[in-house]
There are 2 protein chains.
Amino acid sequence: MPDIKHFDPDAVLETVVRLFWRQGVAGTGIQDVVTATGLNRSSLYATFGGKQDLYGAALRRYIDQWSRPAFRSLAQDQRGLRAVAEFFDGLIAVRCAGEHARWGCLVVNAHTGAENGDPEVRDLLEQHHRELRDALHAALVAAEAQGQLASGTDPGAAAEVLALLAYGVNLRSRAGADAKALHATVATALQSLASPTVA
Amino acid sequence: MPDIKHFDPDAVLETVVRLFWRQGVAGTGIQDVVTATGLNRSSLYATFGGKQDLYGAALRRYIDQWSRPAFRSLAQDQRGLRAVAEFFDGLIAVRCAGEHARWGCLVVNAHTGAENGDPEVRDLLEQHHRELRDALHAALVAAEAQGQLASGTDPGAAAEVLALLAYGVNLRSRAGADAKALHATVATALQSLASPTVA
DNA sequence: ACTAACTTGGAATGACCGTTTCAAGATAGC
DNA sequence: GCTATCTTGAAACGGTCATTCCAAGTTAGT
């Protein structure tokens, strides 16, 4: 009976993610979305609701597409500190080079904006933090089991430290931090967790 | 010959800092500034220029008033790791309790906004980072001289790690991170730098 | 072909944005 | 008191903001 959408909502959301990611929420107008996606205001509002809803959907999609896959592969990687190191390598690579260089992390960026007043956004930030911490925790437990951690190092506490470090990396990358320097900093942090027997 | 200002520019800037700090640049309109300061648009523009200049001045004032004093006392404190610990204690206290709770750090917040495109802002971020790192470095050199650091710990590299950690603390505090958890995380990070002989 | 249900294009909404303008008011030297 | 020089108040500027509305178009079932 009804007409059918003349566009792919998922592809549109993909474009919207990139807009919010690069320019921020406040810096992105509905007009920008209309122009970038090519679809009409009516379709936009009918499909996603207002700007706040659109941002919520974009944030959720970003986490699904970018954060969660990285967390999953980190948590499942049994190599211990090597897994953590590669997680940060990938992070720095995305943040400092290629198409998304200097865009930072959409979730980190969301911490500072006025949009973090929205309960939905607040929940997503909390959830994201928990998942990041848990993934690091899993990798550090694997490291501990292999004797890679310095004695007395608590994997849970260390995971929280590394999570905050990751936020720092994301934040500074948006200001144009040097990839080499970030790599060195991460290496230092990991070394401080490693058992003395590990080079 | 001329008339004299009927207000104190410094007191006005103080109010402006608080507005930008709490609500962000994009979330603060000139109307908000006019209302909060009580002075007129004409006086505002004649004294500070446009919004971007006003933000630059506010950011500079924030660094002068909040960042630099903390950096200075950290750099001059000769107690080593104890000095670093107290620096973070003070940081978390400001971020999580009292009037400025959940405001985050104006400098950290500036990383994510569109305003970091401004060269002046970019320079301030870089300068702030350098000063934070140098202050931490000085404290860690003092720690090293007293044998507080684990052997093989480079004060310069460790300073960079702690600087990113501080950014993480500031960022997460804006999302309402728990002060106790932040304290525990910082303690963990400092322990990983400490020589095994230190409790 | 007809119709119910939905989408789409495009204009229009009122509110707010940062900024400018200008007449009126205030001050300090003459 | 006069004048040059600045400050102040208040209105107005064009532009952009998110959002709404409605007529026209499109589809699927009858």
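No hydrogens, no waters, no symmetry mates; every other heavy atom, side chains included, goes into these values.
For residues 28-55 of chain B, the set of pairs meeting the ring pair (Phe, Tyr, Trp, His ring centres under 6.0 Å) definition, not counting sequence neighbours, comprises B/Phe20-B/Tyr55. Sorted by first and then second residue, the side-chain hydrogen bond (donor to acceptor under 3.5 Å, both in side chains) pairs with a member in residues 28-39 of chain A read A/Gln31-A/Thr35, A/Gln31-A/Arg41; sequence neighbours excluded.
Here A/Thr28 lies in heavy-atom contact (under 4.0 Å) with sugar-phosphate atoms only.
Between the C1' atom of C/dG18 and the CZ atom of B/Phe48 lies a distance of 17 Å, rounded to the nearest Å. Distance A/Phe7 CZ to C/dC6 C1': 12 Å, rounded to the nearest Å. Protein atom NZ of A/Lys5 is 17 Å distant from nucleotide atom P of C/dA5, rounded to whole Å. Look at CG on B/Asp8: it is 16 Å from C1' on D/dT7, rounded to the nearest Å. Distance B/Leu44 CG to C/dT19 P: 10 Å, rounded to the nearest Å. When the P atom of D/dC17 is taken as reference, atom CG of A/Asp32 falls 6 Å away, rounded to whole Å. In this structure, the CG atom of A/Leu39 is 12 Å from the P atom of C/dT7, given to the nearest Å. Atom pair B/Asp53:CG and C/dG18:P shows a separation of 13 Å (rounding to whole Å applied).
Residues satisfying the salt bridge (charged side-chain N to carboxylate O under 4.0 Å, His left out) test with A/Asp64, not counting sequence neighbours, are A/Arg68. Residues that satisfy the side-chain hydrogen bond (donor to acceptor under 3.5 Å, both in side chains) test with B/Gln127, not counting sequence neighbours, are B/Glu131.
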Please tabulate, for side-chain N and O atoms in residues 165-174 of chain B, each donor-acceptor pair with protein atoms closer than 3.5 Å (sequence neighbours left out).
from, atom 1, to, atom 2, distance (Å)
B/Tyr167, OH, B/His129, ND1, 3.0
B/Asn170, OD1, B/Arg95, NE, 2.6
B/Asn170, ND2, B/Ala166, O, 3.3
B/Arg172, NH1, A/His111, NE2, 3.0
B/Arg172, NH2, A/Glu126, OE2, 3.0
B/Ser173, OG, B/Val169, O, 3.4
B/Ser173, OG, B/Asn170, O, 2.7
B/Arg174, NE, A/Thr112, O, 3.3
B/Arg174, NH1, B/Trp21, O, 3.0
B/Arg174, NH1, B/Trp103, O, 2.9
B/Arg174, NH2, A/Thr112, O, 3.3
B/Arg174, NH2, B/Arg22, O, 3.1

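Of the two residues contacting DNA chain D, namely B/Thr47 and A/Val25, the nearest-nucleotide position lying further toward the 5' end is that of B/Thr47.
Of the candidate nucleotides D/dT8, D/dC6, C/dT8, C/dT8 has the atom lying nearest to any side-chain atom of A/Asn40.
Aromatic ring centroids of A/Trp66 and A/His128 lie 6.0 Å or more apart.
Judged by distance alone, the side chains of A/Glu120 and A/Gln52 never bring a donor and an acceptor atom under 3.5 Å apart.
Taking 4.0 angstrom as the limit, A/Ser43 places a side-chain polar atom (N or O) nearer than this to OP1 or OP2 of C/dT8.
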Where do N or O atoms of nucleotides 19-22 of chain D meet protein N or O atoms at under 3.5 Å, pair by pair?
from, atom 1, to, atom 2, distance (Å)
D/dT19, OP2, A/Tyr45, OH, 3.2
D/dT19, OP2, A/Lys51, N, 2.8
D/dT19, O4, A/Arg41, NE, 2.7
D/dC21, N4, A/Ser42, OG, 3.3

